[in-house]
Amino acid sequence: MRHKIRQHLESMKPHWGKIVALSPLFFLIFFGYVLSNVTASVLFVERVGVQYLPFIYVIGALLIVLAGLAITSFTEKKSIARVLLTLVGFGLAVFMELYWVITFENTWAYSFFLLFSQTLYLLLSGTLIWNLAVKLCSPFEAKKNFIYYSIGASLGGITAGLLPTFLGIHFSTENYVLILISTLFLAALNLVYLERKYKALLLPEVNLEKTFKTDFITRGFRSFKKIRIVKLLFATLTLFYSISWIADFELQKILSENFEEGRFTELYGLTAFAQSILLIGVLLFLESSLVKKFGVLNVLLSTPLILVPAFIALLFFPTPAVVITAALVTNVVTYSLFVNSSNFVFTALPHNLRNNVSTFIRANADAAAMLAAGAGLLVLSQFLPNQWIVVATLLVLLDVAVIIYYLRAEYLKQITLNLNSENREDMHTAIENFGERVYRKVGVQELMKLIGWKKMDAETVRKVIFTLSKIDNIQVIPALLEIFNQYDNTVKY
């Protein structure tokens, strides 16, 4: 074991410079993301009212879309580090002003603080900081370095979640804004250092075709209107992400009704801490074994069903312990099993559409989910008892399961079509997709069902087998033999 660790550390020597330079930024950004969410949410719920939270979701969704478009156009002209530095500096200035306003207990200040902090940190922790890492690292470096960046982000979330417990319930909630100001200041220093040290790597790309990311979004929308798998994928992401917003609403509502502000802050922070710990555990120890045993698409199909028992328990026992458990299960499943398995579906799209579609979906699914959750809660929370919100959530989960069932069928249909594509990249991706699934028993079973369902002729089956035989992995051989046993000797040839 020691030898393996020493060997790994030795192989990482050329990469430690970028890891040490960038990992603290991940820590600071995700620390701020968790702490700002806890602080702003508690202040708003306790001093304005949880019944107004759906309005924040709706307005916040629109702000995120508008801010995202503005940032996108800016990144085409300036380095990603400069864009991040500008955003961090702007956030620093606003938080410094907000702290003094909040101390006078202005209602509008709590609303603005929640909206602004949500928008700021969703932009920073979403695509921007990961785009910075992509620009800084080569593909070879990314495979080695990104795990350390993820660890830095996770440690930031863990530390922020524990902070209210360490400081105690007597530490005033608004004083956490001072800690946020400090972290943004440190993040700005880190970005200045990165821009000076790696200036050549962080320059914006010269785009001779004048194709901007907003063009990608436009093309992605056109694909959304025409291609069924894109519609199903967008609907799946939007509805599933909206469940997380609803779970967070229920968490804040029940905690605020049962505890005073200091205890509410502490429990909300501990929930964020537990979520970060569980996410690391699932990603490191559970997800890969589940995918190997059941396959990526079956894991994706199971994700909404995993959440059903948690919300059934919440329906009958709306207690703090149950709502914390439901929120933890929802967020951990969403940001581990669901996100990673749904990302796999993008590989079925043709190469000439994949970038456009992924940009469109990633740029709009989060905001659409926030808008859907806010609009739904706005209606249900105003006119119906809280139990009906949970019932509606259960119905949405069942709808998601049905959509994923059809999405899985579309995925298998698309990669089968890609086998006949004239585009070599699409053919290569289809080979990888089939090969990834054939490594596992479930992959073979699904392939057999697909062949039977489509009533493929011997020539098509021969093409599939020939494709699979190109995978350089010994585990493919028994999978091929199993397919051979289901067909006559003409296919074996």
Side-chain angles (χ1 to χ4, degrees), residues 24-50 52-53 56 60 87-125 129 152-190 248-249 251-253 255-256 258-277 324 327 331:
L25 185 63
F26 274 87
F27 176 90
L28 293 167
I29 294 299
F30 281 86
F31 175 92
Y33 175 77
V34 172
L35 188 63
S36 68
N37 184 50
V38 172
T39 305
S41 297
V42 170
L43 286 173
F44 182 85
V45 170
E46 288 290 335
R47 304 183 188 185
V48 179
V50 71
Y52 299 107
L53 204 53
I56 295 295
L87 202 55
V88 166
F90 181 63
L92 183 61
V94 171
F95 279 176
M96 290 174 69
E97 291 293 329
L98 268 176
Y99 174 71
W100 298 109
V101 178
I102 285 173
T103 55
F104 293 106
E105 299 190 359
N106 288 13
T107 300
W108 70 266
Y110 300 130
S111 304
F112 180 78
F113 179 38
L114 181 56
L115 282 169
F116 180 79
S117 61
Q118 280 182 345
T119 305
L120 175 69
Y121 279 103
L122 282 173
L123 290 172
L124 290 175
S125 64
I129 193 169
S154 299
L155 289 176
I158 290 170
T159 306
L162 278 177
L163 193 63
T165 302
F166 286 135
L167 295 177
I169 61 175
H170 300 296
F171 188 82
S172 179
T173 306
E174 53 262 59
N175 286 335
Y176 288 109
V177 180
L178 293 174
I179 300 175
L180 290 172
I181 291 170
S182 302
T183 58
L184 284 175
F185 178 73
L186 293 174
L189 293 178
N190 197 341
D248 192 59
F249 173 83
L251 176 64
Q252 294 184 56
K253 185 177 188 299
L255 289 183
S256 64
N258 287 273
F259 302 102
E260 49 83 28
E261 185 176 307
R263 184 61 174 162
F264 177 18
T265 305
E266 184 179 352
L267 287 174
Y268 200 42
L270 284 174
T271 304
F273 161 75
Q275 178 183 316
S276 299
I277 292 290
I324 288 173
N331 288 323

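This chain uses plain numbering: 1 for the first residue, then up along the sequence. Computed over heavy atoms, backbone and side chain alike; hydrogens, waters and symmetry mates excluded.
Listed by chain and number, the residues in a side-chain contact (heavy atoms from CB on, under 4.5 Å) with W108 are V101, N106, F112 (sequence neighbours excluded). Here A188 pairs with L85, V88 under the side-chain contact (heavy atoms from CB on, under 4.5 Å) rule; sequence neighbours left out. Remark: S41 engages N37 in a side chain to side chain donor-acceptor pair (under 3.5 Å) (not counting sequence neighbours). In terms of the side-chain contact (heavy atoms from CB on, under 4.5 Å) criterion, residue partners of L267 (sequence neighbours excluded) are, by chain and number, L255, F259, R263. Take N175 and apply the side chain to side chain donor-acceptor pair (under 3.5 Å) test, not counting sequence neighbours, and it matches Y99. Residues satisfying the side-chain contact (heavy atoms from CB on, under 4.5 Å) criterion with D248, sequence neighbours excluded, are Y57, L251, Q252, Y268.
Residues L124 and Y33 form no side-chain contact, since every pair of their non-hydrogen atoms from C-beta on lies 4.5 Å or further apart. Counting only heavy atoms from C-beta outward, the side chains of T265 and F171 never approach each other to under 4.5 Å. Counting only heavy atoms from C-beta outward, the side chains of Y176 and L163 approach each other to under 4.5 Å.
Looking at L25, L28, L123 one by one, the single match for side chain to side chain contact (heavy atoms under 4.5 Å, CB included) with I129 turns out to be L25. No option in F166, F273, F30, F27 other than F27 meets the side chain to side chain contact (heavy atoms under 4.5 Å, CB included) test with T159.
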Can I get a per-line list of side-chain donor-acceptor pairs under 3.5 Å for residues 113-120, giving both atom names and the distance, sequence neighbours left out?
unit_1: S117; atom_1: OG; unit_2: F113; atom_2: O; d: 2.8
unit_1: S117; atom_1: OG; unit_2: L114; atom_2: O; d: 3.2
unit_1: T119; atom_1: OG1; unit_2: L115; atom_2: O; d: 2.9

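The list of salt bridge (charged side-chain N to carboxylate O under 4.0 Å, His left out) pairs with a residue in residues 170-188, not counting sequence neighbours, reads R47-E174.
The two residues I102 and A109 have their closest heavy-atom pair at CG1-CB, 4.2 Å. E266 approaches P164 most closely through the heavy-atom pair CA-CB, 3.9 Å. Nearest heavy atom pair, residue V42 against residue E261, reads CG1-CG, 3.8 Å. The two atoms that bring S276 and I158 nearest to each other are CB-CG1, 3.4 Å, heavy atoms only. Considering all non-hydrogen atoms of both residues, S256 and V45 come closest at CB-CG1, 3.4 Å.
Of the possible polar contacts, one joining the T183 side chain to the L180 backbone as a donor-acceptor pair under 3.5 Å is found.
The distance from atom CG of L189 to atom CG of L186, rounded to the nearest 0.5 Å, is 6.0 Å.
Around atom CZ of F95, more than 12 heavy atoms belonging to other residues, nucleotides or ligands sit under 6.0 Å away.
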Determine whether V50 and F249 satisfy the following criterion, side-chain contact (heavy atoms from CB on, under 4.5 Å), listing intermediate values before the conclusion.
CA-CA 8 Å; V50 71; F249 173 83; 4.0 Å; yes

Take L35 and I179 through the test side-chain contact (heavy atoms from CB on, under 4.5 Å) and record every step on the way to the result.
CA-CA 9 Å; L35 188 63; I179 300 175; 3.8 Å; yes

Give the C-alpha distance, both sets of side-chain angles, the deciding distance and a yes or no for side-chain contact (heavy atoms from CB on, under 4.5 Å) between F264 and T173.
CA-CA 10 Å; F264 177 18; T173 306; over 6 Å; no

